[in-house]
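The structure appears right after this line, and notes come after that.
Numbering of ligands and ligand atoms starts at 1, following listing order. No experiment lies behind these values; they were computed from the predicted model shown.
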Amino acid sequence: MAQYQITFMPENRAIEIEAGTSLLKAASKAEIYIKSGCGGAGTCGACKVTVVSGEVETTGTGNLNPDQIAHGVRLACQSFVQGDLTVEVPPESRLQEHQVLMGDVKKGILQESTNDILDKYGHKPLANKIRVQLPEPTLTDNASDWARLSVELKRNLPYEKNIEIPLSVLRDLPEILRQANWDVSLTLTDLDDKYTITRIEPGNEQPPYGLAIDIGTTTVVVYLVNLKTGAIEDKQGTYNKQAKFGDDVISRIVYAVETPDSMQEIHQAVIDTINELTDKLLARQNLIQADLTAAVVAANTTMTQLFLGINPRYLRLEPYIPTVSLTPSVPARELGLHILPEALVHSYPSVASYVGGDIVSGALITDMANKEEVTLFIDIGTNGEIVLGNQDWLVSCACSAGPCFEGGGINFGMRAMSGAIERVEIDPETLDVNLTVVGRILPVGICGSGLVDCLAKMRKAGIIDRAGNFQLERSSYSARLRQTPDDKEFVLAWAHQAGGDKDIVITENDVKNLIRAKGAIYAGIRSLLQMVAMDIDLIDRIDIAGGFGNYLNVPDSVQIGLLPDLPAEKYEFIGNSSVKGACLALLSQKAWREAADLARKITYVELSIGTTFMDEFVSALFLPHTDLSLFPTVEG
Ligand code: FES
């Protein structure tokens with residue numbers, strides 16, 4: 001097959017590529033990551049590039065206008081190499097390697113909001129470390145090294161269980177015992193009916209560490225946890241490198257099943273993401289890989305299967321069956337994680353194809369399964385999972401809200417990170433805007449909480465009607481409201497205020513996407529309530545999770561009909577409950593065992609059966625809803 005040279009600009013990075021390769025794949029090979037919301041289906045328009053010189057074969061132009069096409073703009077996923085090329089990748093088409101907003105490290109989120117729950121479960125981590133001094137062998141005391149060690153260990157360990165030593169650790173045993181003068185520290189995995197020795201080193205008091213990992217469809221977050229003290233010592237987060245294969249789980253599954261190579265590629269992308277974050281944590285804390293003695297992963301079912309390298313094909317085919325719900329714990333070396341090779345990696349169990357371990361982890365944090373009061377737990381993210389219930393019953397569903405609240409599918413949408421507009425005020429008279437930006441820097445986009453604010457404030461100011469249609473007659477009050485050749489839009493920040501060459505705007509199309517996303521979540525809540533024949537007023541508590549950054553504005557969420565019109569004191573915003581649940585499991589064997597029971601206890605409701613969800617969804621496509629009696633505190 002003919003090979004051609006492609007040069008990517010402005011990096012001026014050249015690589016050799018086979019004829020017929022898409023520009024999207026070619027860029028990825030050159031380690032230039034282009035947004036590909038639809039996973040290369042040619043529908044999202046996120047992968048725009050400019051062909052500066054050379055010829056490509058184009059199979060689709062999506063939403064590109066004739067002017068753009070005349071200027072060489074192409075969709076990278078729909079353009080195939082036919083000769084030597086120079087291709088410019090503009091900033092807006094790139095996946096940015098921004099840091100995910102992590103909050104204050106030293107405060108320790110676990111300490112803030114899960115102290116009670118850790119007290120309840122007790123501090124007994126999944127791995128610990130013990131120091132032992134062995135008697136030296138003599139001609140009359142000639143037991144083997146391992147027999148000598150296991151006798152001493154049994155004397156020091158709190159429970160009588162089998163003790164196992166893998167061959168790889170056994171190989172190190174004779175030399176380390178003698179080098180250390182028979183004073184050694186042993187790292188042990190303590191799970192179920194046995195102890196497993198995962199590391200032997202000369203005697204020291206250094207604590208063991210563990211990783212709590214949240215693999216989100218969009219972002220990956222890793223917490224470094226001191227297993228001895230229970231403190232979160234550090235955190236790191238970034239984009240999931242799988243994002244280059246599609247924004248949502250469906251496009252990732254479609255990509256993964258394409259070829260055996262693509263399955264390996266998408267599996268490796270998430271391992272690489274975790275390893276990159278782990279390496280940063282190790283460097284910052286002056287630790288080595290062997291100090292990381294356990295890991296707990298919380299992720300949705302697709303992410304868990306891709307993380308473990310299990311083909312996700314049947315997750316999206318009726319009747320939507322995962323390969324495994326109670327996932328086995330596996331040694332890190334099988335996955336290539338940058339931690340102690342013998343350390344066990346535990347993945348949270350899932351409920352069903354679209355309610356996964358991240359939700360079980362979050363539900364554990366809410367403690368809803370142990371309370372008499374009825375809790376509604378909602379994860380406002382791409383998959384929109386909801387759990388409703390109490391100690392007697394638990395039901396769940398996933399309402400596919402799409403990536404809007406995580407910034408996807410919105411022109412200037414972004415994750416809650418530096419430069420994201422997180423709060424919006426609009427003067428109803430002058431339509432002047434007041435913005436709060438994460439990191440107090442010039443704005444570059446708008447995150448989930450900003451979008452919720454924006455929708456509520458635009459409605460209040462009469463910029464949009466209840467269906468989300470722009471009211472252009474209001475443009476006489478302000479130049480911010482305007483018609484462009486492509487769409488109607490409202491300017492949140494002028495280019496000079498944003499430090500760029502473009503105004504930051506919300507378009508009518510963005511608004512419609514947001515209304516669909518909020519409608520899906522509200523319809524999911526209503527469908528679950530109908531399923532258990534329960535009135536909304538009987539909900540005692542609502543716990544909201546999601547990547548909203550610093551906060552979620554509950555009154556504004558009610559204004560737009562995203563959340564039920566219930567008293568504000570019933571609501572609590574619990575942030576990234578998925579990673580908190582992973583921390584909890586790392587620190588408490590009892591919590592980890594309970595997670596498996598919890599996953600079994602939650603009943604999954606398939607929303608695609610029957611018409612309830614669709615009817616509810618259509619009724620929710622208004623601000624706040626077609627049925628205003630559901631929102632008594634909101635003016636129509
Ligand atoms: S249009 Fe190319 S990835 Fe979506």
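If you number the atoms of ligand 1 from 1 as listed, the ones under 4.0 Å from a heavy atom of Gly45 come out as 1 (S), 4 (Fe). Remark: ligand 1 atoms within the under-4.0 Å shell around heavy atoms of Thr43 are 1 (S). Near Cys77, with a cut-off below 4.0 Å to any heavy atom, the atoms of ligand 1 are 1 (S), 2 (Fe), 3 (S). Contact atoms of ligand 1 toward Gly42: 1 (S) (distance under 4.0 Å to a heavy atom of the residue).
The side-chain heavy atoms of Asn240 and Arg252, taken from C-beta on, include a pair separated by under 4.5 Å.
One side chain, Asp510 or Thr507, offers a donor N or O that lies under 3.5 Å from an acceptor on the other. Checked by atom type, the side-chain pair Gln78/Thr58 shows no donor-acceptor distance below 3.5 Å.
Between the side chain of Arg480 and the backbone N or O of Val491, at least one donor-acceptor pair lies under 3.5 Å.
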